[in-house]
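What follows is one structure encoded as structure tokens, with my remarks underneath.
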Amino acid sequence: MSTKRYRVLLVVDQCNPQWTSVPLLGYRYYQELSQLAEVTLVTHQRNKKSLTALHPTADIVYIEETPFFREYYKVARRLSTFKGRLMWPLYNALAFPCYQEFNQSVFRQFAPQVRAGRYDIVHAITPMMPRYPFRLVEACEETPFILGPVNGGVPYPKGLRKIALQEFAYFNVLRSVGRWLLPGYRKTYRKADYILAGSDYTLNLIQELFQRSEDSIELYFENGITQKFATAGVDGDKAKSDSAELANGSSAPPDSPVHLLFVGRLVPYKGADMLVEAVSLLPDELRDRIHLTIAGTGPEEAALKEQIATLQLQDKIEMTGWIPYDDIHALYGAADVFCFPSVREFGGAVVMEAMACGLPCIVVNNGGIGEYVTEATGFKIEPTSRKYIVQQLQQHIATLVNTPELCREMACQAKERAKDFFWDVKAKKIIEVYDRVLSRSGVDEQTDEEVAAVGAIVEESAVMSS
């Protein structure tokens, strides 16, 4: 990795340390990359309060939103909501004009600076879905443009059509239409110097659509984990030890079962109902030796509680509801096995977190989570049908309960693999990408005097145009 601190223009419209999902991911990238490079962050005005509180003197430019699009965004969200649930494919389509305003504003403000050579790299991180244009790529004649990680487009398995319909998958046709109609989309993906793809599916999709060479795109999982999760298992050491003894038939306390854990939103495609059914199908002797915790909330919560009651599993399955992010690592630390049968998962950070805490993982092999988990760290289930997934869940749970030595070995391997997902490690890998792209492009390093001269030219140009 280079010792030079590159001047990076980082475009992250969703970047907020107080939110979850993509905004939190965007912030993690900014937080780590700003330790290794001279970063100018460009983000949306809505993130200003949270970012200013943590980085009051940082080089951050906030892009304002016009009153019209502020109101339009609210309308788009209302139109995309059905019975309290957001129809994501429709929402993403309707909300695109709001993003496009941001996209055009970034271009107007920063294209002169990029063309003047103020930055070594332009790196666009969010939106992470692989169907958004970045107009700033037009200004990158001499400055390399990095895109990603981008991830998405993973289809629902053919054998799980009912779940796909519950998740409004029929709106996914809008994605294909958008690839051809969105202004600047194809130019972005053809002109980008390097693309980071968050899953094999997305990587292959981009290569197929844009004939990218293998040396201009790579697999790079978008999610990461903090060092905090690497030590979360300490509190759970005694519980895991007791569980292993119990599974091995020794004289462990009878109230120390093998702890299974599910963490995620309670929506159809996450598959919590399949996990509950799998537990109900375990032989009585095995079911008496496990306890399942389901952490999360969502529209399926009431249905899950009814399912648990119908199957008379109230003493075996606990539903915690929503758990604050800062507290949830304690659940990982007290668990023995992580069960996450999501049938269509792009990122799945919870699987990375579980692995960092030394938990063998049982997942469905469709999307990113099937690539995190290896044969040494857990089990992957092919999404053939709902019935097959339930049967395999039952089988793999039984295997780990009955063979504690395998459970312990997978736990060690999972913890080791998780080291690749730590945010500081991921940031260093991005700097290595910068190294490769810049060395390939033959960009010369500028002296401090040249940088100052460029800055003066850009500022003079801005004054003249205002």
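Using cut-offs of 30° and 60° on the angle between ring planes, the pair Phe134 and Tyr99 is perpendicular. Ring geometry for Phe338 versus Tyr332: interplanar angle of 30 to 60°, hence tilted. The aromatic rings of Phe262 and Phe340 sit tilted, their planes meeting at an angle between 30° and 60°.
Checking side-chain atoms of Lys380 against main-chain N and O of Gly370 turns up a donor-acceptor pair under 3.5 Å. At least one donor-acceptor pair closer than 3.5 Å links the side chain of Thr43 to the backbone N or O of Val12. Arg265 contributes no side-chain N or O that, together with a main-chain N or O of Gly298, makes up a donor-acceptor pair within less than 3.5 Å. Lys270 places no side-chain N or O within 3.5 Å of a backbone atom of Val343 that could act as its donor or acceptor partner. No donor-acceptor distance shorter than 3.5 angstrom exists from the side chain of Thr52 to the backbone of Lys49, with no hydrogens or angles considered.
Using a 4.0 Å cut-off between a side-chain N of Lys or Arg and a carboxylate O of Asp or Glu, Glu32 and Arg28 do not qualify as a salt bridge. With respect to Glu277 and Arg386, a salt bridge is recorded, a charged nitrogen being found less than 4.0 Å from a carboxylate O. The residues Asp435 and Lys429 are annotated as not salt-bridged, no charged nitrogen and carboxylate oxygen being separated by less than 4.0 angstrom. A salt bridge is absent between Arg7 and Glu38: the closest approach of a Lys/Arg side-chain nitrogen to an acidic carboxylate oxygen does not fall below 4.0 angstrom.
Of the listed residues (Ile328, Val263, Ile225, Ile369), just one forms a side chain to side chain contact (heavy atoms under 4.5 Å, CB included) with Val350, and that residue is Val263.
Taking the six-membered ring where the residue is Trp, the centroids of Tyr119 and Tyr6 are separated by 6.0 Å or more. Residues Tyr27 and His55 bring their aromatic ring centres within 6.0 Å. Taking the six-membered ring for Trp, Tyr194 and Tyr220 have ring centres at least 6.0 Å apart. For Tyr185 and Tyr132, the gap between ring centers reaches or exceeds 6.0 Å. Aromatic pair Tyr29/Trp423: ring centres closer than 6.0 Å.
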Residue pair Arg289, Glu285: steps toward the salt bridge (charged side-chain N to carboxylate O under 4.0 Å, His left out) verdict = CA-CA 7 Å; Arg289 295 160 60 192; Glu285 183 270 334; 2.6 Å; yes
query = Going through the checks in order, is the ring pair (Phe, Tyr, Trp, His ring centres under 6.0 Å) test met by His123 and Phe145?
reply = CA-CA 6 Å; His123 185 177; Phe145 181 85; 8.4 Å; no
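Cation-pi geometry between Arg417 and Tyr372 is not satisfied (NZ or CZ under 6.0 Å from the ring centre, within 45° of the ring normal).
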